[in-house]
Protein chains: 2
Amino acid sequence: MTTRPVAKADRAKPSGAQRRTRQRAAVADILSDQHDFRTAQQIHDDLRHHGERIGLTTVYRTLQLMTDAGELDAIRTNEGETAYRRCSTGHHHHHLVCRICGRTVEVSGPAVERWANAVAEEYGFREISHDLEIFGTCDTC
Amino acid sequence: MTTRPVAKADRAKPSGAQRRTRQRAAVADILSDQHDFRTAQQIHDDLRHHGERIGLTTVYRTLQLMTDAGELDAIRTNEGETAYRRCSTGHHHHHLVCRICGRTVEVSGPAVERWANAVAEEYGFREISHDLEIFGTCDTC
DNA sequence: ATCGTTGCAAATGTTTTGCATGTCA
DNA sequence: TGACATGCAAAACATTTGCAACGAT
């Protein structure tokens, strides 16, 4: 086990370019609509319900590809699943997540960034990055 | 999948009291020594190397018990494992983790707490909690 | 003696991989 | 036509559970 942030662009793309396929388009589409974190299995179910013919394996592989490409945010749930979400803004941000319905709001705050950097420096840490998730119950729940 | 903070005291203790056993003491001991996050499997290995006779199942069960009792912090690693760490201070805090050696420093900052609460309230979220991990490379690495 | 604990084996659930087949460029 | 993509089945893992044997009180 190694504790480090989720790899966003670890393995280098082998060589040849990627192909546009029906399946990849379908995964990308469904993630454009929804803004919540979804697991691979949920996405697979959704696609099936929408009449898409796609294998679970392909969903997993596509999500990994998109994550490596920086198009998706990936988090680990407490249930041990990996959940993915389209990363609308390319830059750094945090998430405000409703415990009940899963509604998510992207937030950002220079205050936190500054604090994190200051604390890290105080302890002699370099090349800082951080993950922050705020949980709560949203007004409609 | 349900996104919510790691359950710290979910299931109620049935009725009878707990027993002190060699195995539970061993797990507690090893966690008192080390301050890093360790997975159940690592702890099991450590104990075996120290000559302890203990089953992996028991390690898992003991860690869960201690977590429910609020004695341990549990986090999900990006590799999909659950890592545990003794929670020295009973109160809320965050972690500064070295990407290389895994060294961990407990930090706390009212600034972040305030910011998180403010942002959450702005979006109508209640019963706020949050998780924050800062990653970096420590001075000795 | 009683009832929580242990630990093996087996089950579960998620994600990955081998490989034959299909398909975009 | 190729090289990459797909998807089934099987493998790989982490974790949980059934259950008979154990051990603490």
Side-chain angles (χ1 to χ4, degrees), chain A residues 1-3 6-7 10-30 37-48 51-69 71-72 74-84, chain B residues 1-3 6-7 10-30 37-48 51-69 72 74-85:
Chain A
M1 165 243 155
T2 312
T3 301
V6 174
D10 259 4
R11 72 208 90 188
K13 157 171 34 175
S15 55
Q18 297 200 359
R19 285 176 184 169
R20 260 180 328 97
T21 66
R22 172 175 50 79
Q23 290 91 332
R24 290 191 181 174
V27 171
D29 278 0
I30 220 158
F37 276 104
R38 324 274 306 164
T39 66
Q41 316 235 23
Q42 287 178 323
I43 293 171
H44 181 242
D45 284 352
D46 290 353
L47 290 172
R48 282 269 157 113
E52 273 294 337
R53 289 177 300 96
I54 185 172
L56 180 56
T57 307
T58 302
V59 174
Y60 273 109
R61 277 195 280 235
T62 302
L63 289 173
Q64 204 150 272
L65 240 48
M66 293 179 74
T67 303
D68 288 351
E71 294 168 40
L72 298 183
I75 60 170
R76 290 275 180 182
T77 72
N78 298 308
E79 284 69 41
E81 303 158 349
T82 306
Y84 301 88
Chain B
M1 163 243 158
T2 313
T3 301
V6 174
D10 261 4
R11 73 208 87 189
K13 155 172 37 174
S15 56
Q18 298 199 359
R19 286 175 184 167
R20 262 179 327 98
T21 66
R22 171 175 51 79
Q23 291 91 330
R24 289 189 183 176
V27 171
D29 279 359
I30 219 159
F37 277 104
R38 323 276 303 168
T39 66
Q41 317 236 22
Q42 287 178 322
I43 292 171
H44 181 242
D45 284 351
D46 290 353
L47 290 172
R48 282 271 157 111
E52 274 294 336
R53 288 179 300 96
I54 186 172
L56 180 57
T57 308
T58 302
V59 174
Y60 273 110
R61 278 195 281 234
T62 302
L63 290 173
Q64 203 149 272
L65 240 48
M66 295 179 71
T67 303
D68 287 352
L72 298 183
I75 60 170
R76 290 276 181 182
T77 71
N78 298 309
E79 284 69 43
E81 302 158 349
T82 305
Y84 301 86
R85 185 166 116 65

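The analysis underlying the following values was restricted to heavy atoms, covering all of them including side chains, and did not include hydrogens, waters or symmetry mates.
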In whole angstrom, what separates [X]'s [atom1] from [N]'s [atom2]?
X	N	atom1	atom2	value
B:Gln64	D:dA14	CD	C1'	12 Å
B:Glu81	D:dC13	CD	C1'	9 Å
A:Tyr84	C:dT14	OH	P	13 Å
A:Leu65	C:dT15	CG	C1'	15 Å
A:Leu47	D:dG7	CG	C1'	15 Å
A:Gln23	C:dC24	CD	C1'	11 Å
A:Gln42	C:dT15	CD	C1'	15 Å
A:Arg24	C:dT23	CZ	C1'	12 Å

Report the distance from atom [atom1] of [X] to atom [atom2] of [Y], rounding to the nearest 0.5 Å.
X	Y	atom1	atom2	answer
B:Asp46	B:Ile30	CG	CD1	4.5 Å
A:Thr39	A:His44	OG1	NE2	11.5 Å
B:Leu56	B:Asp45	CG	CG	8.5 Å
A:Arg24	A:Arg19	CZ	CZ	9.5 Å

Compute the bend angle of the helix from C:dA1-D:dT25 to C:dA25-D:dT1 from the end axes (five pairs per end), rounded to 10°.
->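 Here the local axes at opposite ends form an angle of 30°.
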Under 4.0 Å: is that the gap between some side-chain N or O of B:Gln41 and OP1 or OP2 of D:dC13?
->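 For D:dC13, OP1/OP2 do not have a side-chain N/O of B:Gln41 under 4.0 Å.
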Contacts of type side chain to side chain contact (heavy atoms under 4.5 Å, CB included), residue B:Arg61, not counting sequence neighbours = B:Thr57
With sequence neighbours excluded, what pairs up with B:Thr82 under the side chain to side chain donor-acceptor pair (under 3.5 Å) test?
->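 By the side chain to side chain donor-acceptor pair (under 3.5 Å) rule, B:Thr82 matches B:Arg76.
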Can you check each nucleotide of nucleotides 20-25 of chain D against protein heavy atoms at under 4.0 Å and return B for base, S for sugar-phosphate only, - for none, in 5' to 3' order?
-> ---BBS
State, to 0.1 Å, how close [X] and [Y] come at their nearest heavy-atom pair, and which atoms those are.
X	Y	result
B:Gln42	B:Phe37	OE1-O, 4.1 Å
B:Thr67	B:Leu63	OG1-O, 2.7 Å
A:Ala83	A:Thr77	CB-CG2, 4.1 Å
B:Thr58	B:Gln23	CG2-CB, 4.0 Å

Tell me, which of residues 54-61 of chain A have any heavy atom that sits under 4.0 Å from an atom in DNA chain D?
->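 The stretch gives A:Ile54, A:Gly55, A:Thr57, A:Thr58, A:Arg61 as the residues lying under 4.0 Å from the strand, ordered by number.
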Can you sort out the partners of B:Arg22 under salt bridge (Lys or Arg N to Asp or Glu O under 4.0 Å), two or more places apart, ordered by chain and number?
-> B:Glu52
